[in-house]
Protein chains: 2
Amino acid sequence: MENKKGISIYKQVAKEIECKVKNGIYVTAQKLPSEAELAQEFNVSRLTVRKAINLLIEKKVLVKHQNTGTYVMNRQKLASGASGLQGFNEVAKAKGKTPRTEVIGVSQIDYDDELWAELEAKENEVIINVNRIRYLDDLPMTVEDLYIREKFLPENLKEAAFENSIFELIEQKIEIAYSHQEIEAVLIDKMMSIAFELPVGQPMFRATSNVFSVTGVPIMHDISYYRSDEYVFSNTLVRSQH
Amino acid sequence: MENKKGISIYKQVAKEIECKVKNGIYVTAQKLPSEAELAQEFNVSRLTVRKAINLLIEKKVLVKHQNTGTYVMNRQKLASGASGLQGFNEVAKAKGKTPRTEVIGVSQIDYDDELWAELEAKENEVIINVNRIRYLDDLPMTVEDLYIREKFLPENLKEAAFENSIFELIEQKIEIAYSHQEIEAVLIDKMMSIAFELPVGQPMFRATSNVFSVTGVPIMHDISYYRSDEYVFSNTLVRSQH
DNA sequence: GTTTATTTGTTCGTATGTATT
DNA sequence: AAATACATACGAACAAATAAA
């Protein structure tokens with residue numbers, strides 16, 4: 001195997017193995033060839049095979065058993081792959097529907113102890129509040145309540161700019177590295193009831209998250225509501241080798 | 001650095017780095033020493049340092065930025081560390097309360113198309129249904145409805161055996177490798193209302209999961225209900241380097 | 001704006017240890 | 001007891017991307 005087009009070899013190997021899994025050449029219950037055999041087959045070092053396998057373990061395609069072998073993970077119907085609440089665009093794609101984002105309002109908000117502390121902002125710093133509703137074929141899916149430090153937004157933004165990806169807007173100024181998210185089950189109140197066109201008292205998800213840069217600088221605080229009849233939270237838990 | 005007591009070097013290095021993070025020697029916003037420097041400091045190879053760092057990235061202690069450096073993750077109040085719905089015993093420990101498990105019933109159930117298919121069981125196979133309620137200081141926290149393939153349970157079990165860890169019971173026969181979980185937000189119905197001593201119409205989490213062995217053999221199907229006023233679903237999302 | 005230095009990323013080869021079958 | 005297969009560890013080198021001079 002050669003290093004074509006600057007794509008690393010271990011990623012190419014990973015892709016080929018994943019392909020064989022998808023085509024049923026490697027199947028659940030059957031052990032994969034050993035690392036040494038795979039190294040020979042692809043004509044790369046064993047370390048490279050290990051890196052490829054690790055990549056696929058992270059992607060939940062394979063599982064390893066210490067000193068025994070590598071196996072294909074039984075995915076069953078749980079397809080999504082990505083852990084956590086599916087992203088809006090992912091859901092749209094999965095359901096084959098057209099996404100649309102409506103900006104309800106953009107405004108500068110008044111000082112608030114808790115929020116300013118959470119964003120590690122100075123008292124005189126400007127925080128922008130953005131409210132959006134995201135639709136799928138005119139079905140309201142998500143209501144977002146975002147609080148962004150203005151210093152991390154491009155200058156002279158029009159309200160319409162927020163109809164697109166907020167992350168892309170922010171990344172013109174600072175790179176986003178990670179976010180911490182907490183999800184609760186709550187009841188729809190009057191306001192959400194109107195937005196979602198659903199009766200009060202229905203259950204829904206409320207996801208609160210904080211977004212950070214690599215250096216750990218808080219960028220944005222996000223409170224989002226998801227209709228529970230359309231969203232499911234899914235993940236794969238791997239048992240740590242004791 | 002030496003390989004003491006059979007504990008791998010990279011884990012020792014990881015522990016030392018994590019220690020320095022906890023003690024505030026390495027802090028958020030400040031770059032960690034480079035891999036080469038750390039290798040020198042600990043007197044190990046660079047690859048070993050990389051393995052240690054990768055371990056801490058998995059543990060959400062560190063974050064990396066391509067070709068720039070390694071940084072400490074800003075955890076803020078989001079403490080838990082473990083992704084996903086906190087385990088019952090974790091919550092117990094965190095809240096400093098005493099856990100207790102009440103077995104409501106253990107029985108062999110009648111054949112059901114869907115369930116048997118999900119567990120990949122033959123028609124004549126025996127599936128055991130276990131119902132439990134888990135309390136924290138007499139507060140009902142979780143209601144469990146488990147379906148286990150009898151072949152993966154030890155013989156001659158008494159009902160009281162299910163008061164302890166089901167995983168430990170199963171692992172006397174077969175090793176558990178992973179599980180797929182889906183979480184929904186639902187409303188408490190009459191039955192759950194009685195179990196949880198909460199009014200009907202409150203929101204709660206319903207987690208459905210399937211448990212597998214390394215070879216992808218389905219072991220157990222689990223439907224669990226969590227009171228949303230005590231449980232939060234938390235996780236850290238890391239932005240993939242594009 | 002270009003070059004240079006730094007830092008992480010990738011890859012090889014090799015060797016030994018450890019757990020399972 | 002031996003063979004197998006993964007786990008750990010080192011050294012060495014070059015590539016690629018970023019940041020600093």
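Numbers restart at 1 for each chain; the letters A, B, ... are given by sequence-line order, proteins then strands.
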Student: Let me spell it out: for each of B:Leu47 and B:Arg50, pick the nucleotide of DNA chain C with the closest heavy atom. Which residue's pick is nearer the 5' end?
Tutor: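 Whichever sits nearer the 5' end wins; that is B:Arg50.
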
Student: In whole Å, I'd like the distance from the CG atom of A:Asn43 to the C1' atom of C:dG13.
Tutor: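 One finds 14 Å between C1' of C:dG13 and CG of A:Asn43, rounded.
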
Student: Would you say that more than 12 heavy atoms from the other residues, nucleotides or ligands in this model lie under 6.0 Å from the CD of A:Glu125, or not?
Tutor: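 More than 12 within 6.0 Å, yes.
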
Student: Both B:Ala36 and A:Thr48 contact DNA chain C. Which one's nearest nucleotide lies toward the 5' end?
Tutor: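 Upstream on the strand: B:Ala36.
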
Student: Whole-Å distance between D:dA9 P and B:Asn54 CG?
Tutor: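 In whole Å, D:dA9 P lies 14 Å from B:Asn54 CG.
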
Student: Go through C:dT10, C:dC12, D:dA9 for me and flag the one nearest to the A:Lys11 side chain.
Tutor: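 Ranking C:dT10, C:dC12, D:dA9 by closest atom to the A:Lys11 side chain puts C:dT10 first.
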
Student: Taking only side-chain nitrogens and oxygens of B:Lys51, does any of them come within less than 4.0 Å of OP1 or OP2 of D:dA9?
Tutor: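 So the side-chain polar atoms of B:Lys51 never come under 4.0 Å of the phosphate oxygens OP1 or OP2 of D:dA9.
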
Student: Rounded off to whole Å, could you give me the CD-to-P distance for the A:Glu35 and C:dG13 pair?
Tutor: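 Between P of C:dG13 and CD of A:Glu35: 15 Å.
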
Student: Counting Watson-Crick and G-U wobble pairs only, both distances under 3.5 Å, name the nucleotide matched with C:dT10, or none.
Tutor: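 D:dA13 - that is the nucleotide pairing with C:dT10, both distances being under 3.5 Å.
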
Student: At what distance, to the nearest 0.5 angstrom, does OH of A:Tyr226 lie from CD of A:Glu144?
Tutor: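 Going from the OH atom of A:Tyr226 to the CD atom of A:Glu144 covers 6.5 Å.
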
Student: Roughly how many Å is it from CD in B:Gln40 to P in C:dT6, rounded to a whole number?
Tutor: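 My rounded result for the distance is 14 Å.
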
Student: Using a 6.0 Å cut-off, check whether atom CD of A:Glu41 has over 12 heavy atoms from anything other than its own residue.
Tutor: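 Enclosed: over 12 neighbouring heavy atoms sit under 6.0 Å from CD of A:Glu41.
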
Student: Before accepting this row, confirm whether a basic side-chain N of the pair B:Lys173/B:Glu150 lies closer than 4.0 Å to the acidic partner's carboxylate O.
Tutor: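 Looking at B:Lys173 and B:Glu150, the cut-off is not met.
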
Student: Is the number of heavy atoms from other residues, nucleotides or ligands under 6.0 Å of A:Glu168 CD greater than 12?
Tutor: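 Incorrect, the count does not exceed 12.
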
Student: How would you list, by chain and number, every residue that makes a ring pair (Phe, Tyr, Trp, His ring centres under 6.0 Å) with A:Tyr111, sequence neighbours excluded?
Tutor: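 Listed in chain order: A:Trp116.
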
Student: What is the distance, rounded to the nearest whole Å, between atom CG of A:Leu32 and atom P of D:dT4?
Tutor: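 Going from A:Leu32 (CG) to D:dT4 (P), I get 19 Å.
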
Student: Look at B:Lys64 and C:dT8 and indicate whether a side-chain polar atom (N or O) is within less than 4.0 Å of OP1 or OP2.
Tutor: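 So the side chain of B:Lys64 is outside the cut-off, no N or O lying under 4.0 Å from OP1 or OP2 of C:dT8.
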
Student: Using whole Å, what does the distance between atom P of nucleotide C:dA19 and atom CD of B:Glu175 come to?
Tutor: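 Computing the B:Glu175:CD to C:dA19:P distance gives 14 Å.
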
Student: What integer distance in Å separates A:Tyr71:OH from D:dC6:C1'?
Tutor: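 Roughly 11 Å, once rounded to whole Å.
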
Student: How about A:Gln40: does its CD atom have over 12 heavy atoms from other parts shown lying under 6.0 Å from it?
Tutor: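 Open: at most 12 neighbouring heavy atoms sit under 6.0 Å from CD of A:Gln40.
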
Student: Which atoms of nucleotides 17-21 of chain D (N or O only) lie under 3.5 Å from a protein N or O atom, and what are those distances?
Tutor:
unit_1 : atom_1 : unit_2  : atom_2 : d
D:dA17 : O4'    : B:Asn67 : ND2    : 2.7

Student: Specify the separation, in whole Å, of atom CZ of B:Arg46 and atom P of C:dC12.
Tutor: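 Rounded to the whole Å, the gap is 16 Å.
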
Student: Among D:dA9, C:dG9, D:dC6, which nucleotide sits nearest the side chain of A:Ser34?
Tutor: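 Comparing D:dA9, C:dG9, D:dC6 against the side chain of A:Ser34, the answer is D:dC6.
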
